[in-house]
Amino acid sequence: MARYNPKDIEPKWRAAWADADVFRVSNDDPRPKYYMLEMFPYPSGNIHMGHVRNYAMGDVVARFRRAQGHAVLHPMGWDAFGMPAENAAMERGVNPKAWTYENIAAMREQLKMLGLSIDWSREFATCDPAYYGKQQAWFLKLMERGLVYRKEATVNWDPVDMTVLANEQVIDGRGWRSDALVEKKKLTQWFLRITDYADDLIEGLATLDRWPDKVRTMQENWIGRSTGLQMTFDFAGGAPADFEAGLEVYTTRPDTLFGASFLGIAPDHPLAEQLSAASPEVAAFIAECRRGGTSEAEIEGAEKLGLDTGLRVAHPFVVGETLPVWIANFILMDYGTGAIFGCPAHDQRDLDFARKYGLPVKAVVLPPDAHSATFMVGSEAYTGPGRIFNSGFLDGLTIEQAKAEAVTRIEAIGKGKGATVYRLRDWGVSRQRYWGCPIPVIHCKACGVVPAPVSQLPIELPDDVTFDKPGNPLLRHPTWRFVPCPACGQAAERETDTLDTFVDSSWYFARFTNPDAVDPIDKAAADRWLPVDQYIGGIEHAVLHLLYARFVTRALKDEGLVSVAEPFAGLFTQGMLTHETYARQSGEWVDPSRVVLETAGNTRRARLADTGEALVIGDIEKMSKSKKNVVAPEEIFEQYGVDAARLFVLSDSPPERDVQWTTGGVEGAGRFVQRVWAEFDSQAEAVAAPVDEDRSDELRRATHKIIKAVTESVDQFKFNSGIARLYEFLNLLKAFPATDGGVVAVRAEALSALARLISPYTPHLAEECWLRMGGEGMVVDAPWPEFDPALTTDSELLLPVQVNGKRRGEIRVPADASELDVREKALADETVSVHLAGLTVRKVIVVPGRIVNIVVG
RNA sequence: GGGGACGUGGCGGAACCGGUAGACGCAGCGGACUUAAAAUCCGUUGGGCUUCACAGCCCGUGUGGGUUCGAUUCCCACCGUCCCCACCA
């Protein structure tokens, strides 16, 4: 018996698959389609264990569907534009393009080691002009449709990356990549009208029944639709210039209109800015407001600040009543109209503000159990249900009725209307960077913004750029910018902003269906494959990539490029890879490869391998270079084999949860690989001896049960459970050795099923086993095993018997025994009857095939 | 502040639709093989108690209640952990 040596065997099978080109799929393949896609990687140059888990999961599904008779599209590409290439250029003087393509070459080799069932013929990188040129083409089409516009806007400026960020890319006031504090800056920027699709994007979520609820909720919250009233307050006394028409506010609580005691405007509201020009006091206040931070702690502890402008507005329904207009720091210019009416009794922020500045607090919602004469609001606003009071024509109505009535009355007097407001902003896609897709427009002094003619696409990036100065190298390139205007022929300049890399990843799944198409998307190919049947990636893209891709797909659908509105029918968000951390007493992190672990009973100690220095075992955290708690995939492959690594990252935790990398765990997976091989090897060598007892039925039933279990586990994304069942089955197989002449034929059936069942997880091992048992062709081309439902149950059952809900014994009965027989047998059982002595049997509950419960009293 | 997820042995986790809690793996313990170690194989492993033994009993899925013949699973309250969003009117 030879030991299984993955180092020799795994490369052999990868070469065999490549030679036979088994994973190439044709768009004309008549079998039912299945599009399996994992989020494509950024070509950093090295794969990490997180990639291994992500792509192993996708490969299990792809190989499974393939075996089940689907034409599986399983492509791979590179999300290749972005900052790291420019950083490398600035730090090491390398060319971003050369750097990126070198990384791609290195990573492709590493990914190929994983033995993934990928159709590499469809590979592309988003930095290929052949890709981004097509992106420029559809960008121009969206421009014609009015979905692209340019405006001066206050933007999030990342001072480290020297570029603009979209709202989605600002986390706690910091850039998502650089972690630098984001500044506000006014710039003319390109935007995509994602807000045109706000309603669609919310409605569409309801159709995504194979998405995690969590992601759908996150997107819904991010879009943040709210319905309310947009209304105008007229100024009492003189109106400021430009505000003769009054001051517009937005509210979701029109029912509390009679409880209003002030109007508030944001510090960057146009009215506030106008007033600051004339008043140093106002200017100073606004400047103070801008200093506030945006982190959790800062917002939590931030004090409400306000300044009375001295202006007053009239209450629309109470003749003679006027309200003061304040500038307040807690009002946001980018939500609603940047102005509110404050109703302190029923909004906590308004209440805090009113208490601080001595503004009136008038309750207008009466809680169900309160009396109008005595109900008071103290330091806590009342936001619960109730009836309206103190409110003229709204008195006695419920909150919902009063909202509707207030909107109707305001509309009747022409002072406003019901309005829907979104938290979602238009998507700012301009980036002041070199390594991105050039925005294909030309600025002409005479003609304005002119789209580049389609015949000139792709607008390619120049290779000869310098990174010796900060800022965008395209701006200082000697020639690239200067082109004649396509419209009038006069000297003009190219746009030097490039597109956010999230644009690149918002349609790549469609390009994979025909990466060589002349059009951006080959409609027939896209119709053949889209939507993606199963998409797998990290939860961190819940509102970034996954929202942008849904929007772009809708826009492209309206343009007629694709037929589907939703790009991803099924989504699975996988957990991260974690590892224990180790540190020296000095606090310096230590690489796990330098650590020796010792166990004494249930306590564990860590030492430095070379010096024996005692180490501190730290928390289990996401693998990261900064904590040094990473393991290099290539070293693992070298030591345990690719199959063992794939198996372990899928076996130890449910796929949606984080998995902790442990040496013991991957060793266990390696042992399984060896034991599976030994089972096939021994079958081939063993000489079967005649036996007295035929035990084949038990093994046959076990085989059909395992087929059912593994099939269901892959279907339901419960890889860990399926693998556990395979371990169990292998243990059971040992009880039916190949030397047992009675089971030889059934054993062959069992091994044939086993080889195919493990093939999605450990594809190399499966091939070698298939070869050893004399299977036809390669296991990768073998059909998925089928089970006979009649054989997935046992012929005889061991039923537990409870007395008053406590387990007191068990009985052995035929699977088809009648309820009466089961009942009799349970009552007659010796160990059970002890607990029945002297008591009356009141009821016997027989759950067929499950349990018997005898109720006594 | 709003929304969501979760809580099971020393550890990762399993348990279909409410039906034998702890599958499977890791770690541990005992043994076989070996001159020895590694590797491998076999056995054992939630806690407590009774028993020479066979076996049996009690407790046990964060805490406290409830529904039920029966609850890790359903309901209510509380405690704790994690994630997302957030002065969003």
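Sequence lines set the chain letters: A, B, ... in the order given, protein chains first and strands last, and positions in each chain run from 1.
At the heavy-atom level, A/R675 lies under 4.0 Å from the strands shown only through sugar-phosphate atoms. Among the protein residues, A/G336 comes within range of no part of the nucleic acid, since none of its heavy atoms lies under 4.0 Å from any strand. Using a 4.0 Å heavy-atom criterion, one finds that A/R842 contacts no nucleic acid atom at all. No engagement by A/D352 is indicated, since no non-hydrogen atom pair under 4.0 Å with the nucleic acid exists. Looking at heavy-atom distances under 4.0 Å, A/R225 makes no contact with the nucleic acid at all. Among the atoms of the strands shown, only primed sugar atoms or phosphate atoms (P, OP1, OP2) are found under 4.0 Å from some heavy atom of A/K718. Residue A/I854 is classed as having no contact, given no heavy-atom separation below 4.0 Å to the nucleic acid. Residue contacts for A/D347: at a heavy-atom cut-off of 4.0 Å it reaches no nucleic acid atom on any strand shown. A/Y250 comes within 4.0 angstrom of a nucleotide base, judged by non-hydrogen atoms across all strands.
Because its NZ or CZ atom is not both nearer than 6.0 Å to the ring centre of A/W677 and within 45° of the ring axis, A/R3 does not count as a cation-pi partner of that residue.
Ring geometry for A/H541 versus A/H545: interplanar angle over 60°, hence perpendicular rather than tilted (30 to 60°). Between A/Y548 and A/W427, the ring planes lie parallel to each other; the angle is under 30°, not in the 30° to 60° tilted range.
In this structure A/F680 satisfies the ring-ring contact (aromatic ring centres under 6.0 Å, His included) test with no other residue, sequence neighbours excluded. For A/K214, there are no side-chain hydrogen bond (donor to acceptor under 3.5 Å, both in side chains) partners two or more places apart in sequence or in a different chain. Applying the side-chain hydrogen bond (donor to acceptor under 3.5 Å, both in side chains) rule to A/K356 yields the partners A/E303; only residues at least two apart in sequence or on another chain are considered. Every side-chain hydrogen bond (donor to acceptor under 3.5 Å, both in side chains) that A/R675 has, sequence neighbours left out, goes to A/N731. Listed by chain and residue number, nothing satisfies the ring-ring contact (aromatic ring centres under 6.0 Å, His included) test with A/F729 (two or more places apart in sequence, or in another chain). A/Y582 pairs by the ring-ring contact (aromatic ring centres under 6.0 Å, His included) definition with nothing, not counting sequence neighbours.
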Donor-acceptor pairs under 3.5 angstrom involving side-chain atoms of residues 256-267 of chain A: please list them, not counting sequence neighbours.
residue : atom : partner : partner atom : Å
A/T256  : OG1  : A/R253  : O            : 2.8
A/S261  : OG   : A/P360  : O            : 3.0

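Residue pairs meeting the side-chain hydrogen bond (donor to acceptor under 3.5 Å, both in side chains) criterion with at least one partner in residues 644-666 of chain A, sequence neighbours excluded, are A/D59-A/R646.
Rounded to whole Å, the distance from OH on A/Y422 to C1' on B/rA86 is 20 Å. Computed from coordinates, the A/I617 CD1 to B/rG10 P distance equals 18 Å when rounded to whole Å. One interatomic measurement links the two molecules: CD1 of A/I723 to C1' of B/rA14, which rounds to 14 Å at whole-angstrom precision. If you measure from atom CD1 of A/I845 to atom P of B/rC69, you get 7 Å, rounded to the nearest angstrom. The CG atom of A/N329 sits 12 Å away from the P atom of B/rC88 (whole-angstrom rounding). For the pair A/E830 CD and B/rA55 P, the interatomic distance rounds to 14 Å; values are reported in whole Å. The distance from atom CD of A/Q348 to atom P of B/rC88 is 12 Å, rounded to the nearest whole Å. Following rounding to the nearest Å, A/H269 (NE2) and B/rA89 (C1') show an atom-to-atom distance of 13 Å.
Residues A/V666 and A/R671 have side chains not in contact (no heavy-atom distance under 4.5 Å, counting atoms from C-beta outward).
Within residues 643-662 of chain A, the residues having any heavy atom closer than 4.0 Å to RNA chain B are, in order of number, A/D652, A/S653, A/P654, A/R657.
Phosphate proximity of B/rA89 to A/Y335: present, with a side-chain N or O under 4.0 Å from OP1 or OP2. For the OP1/OP2 pair of B/rA89 and a distance below 4.0 Å, the side-chain nitrogens and oxygens of A/R423 include no atom meeting the criterion. Put simply, A/H835 has no side-chain N or O that comes within less than 4.0 Å of OP1 or OP2 on B/rG56.
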Which protein N or O atoms sit under 3.5 Å from an N or O of nucleotides 20-23 of chain B?
residue : atom : partner : partner atom : Å
B/rU20  : O2   : A/R807  : NE           : 3.1
B/rU20  : O2   : A/R807  : NH2          : 3.4
B/rA23  : O2'  : A/E728  : OE1          : 3.4
B/rA23  : O2'  : A/E728  : OE2          : 3.3

Between the protein and nucleotides 48-54 of chain B, which nitrogen or oxygen pairs come in under 3.5 angstrom?
none

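Residue-to-nucleotide contacts include no donor-acceptor pair under 3.5 Å from the side chain of A/K214 to the base of B/rC83.
In this structure, A/V631 and A/M49 approach most closely via the heavy-atom pair CG2-CG, 3.6 Å.
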Original post:
For RNA chain B, what string of dots and brackets results from 5' to 3' when Watson-Crick and G-U pairs need both distances under 3.5 Å, crossing pairs get [ ], and pairs with another strand get |?
Top reply: (((((((..(((......[....))).(((((.......))))).(((((....)))))..(((((..]....))))))))))))....

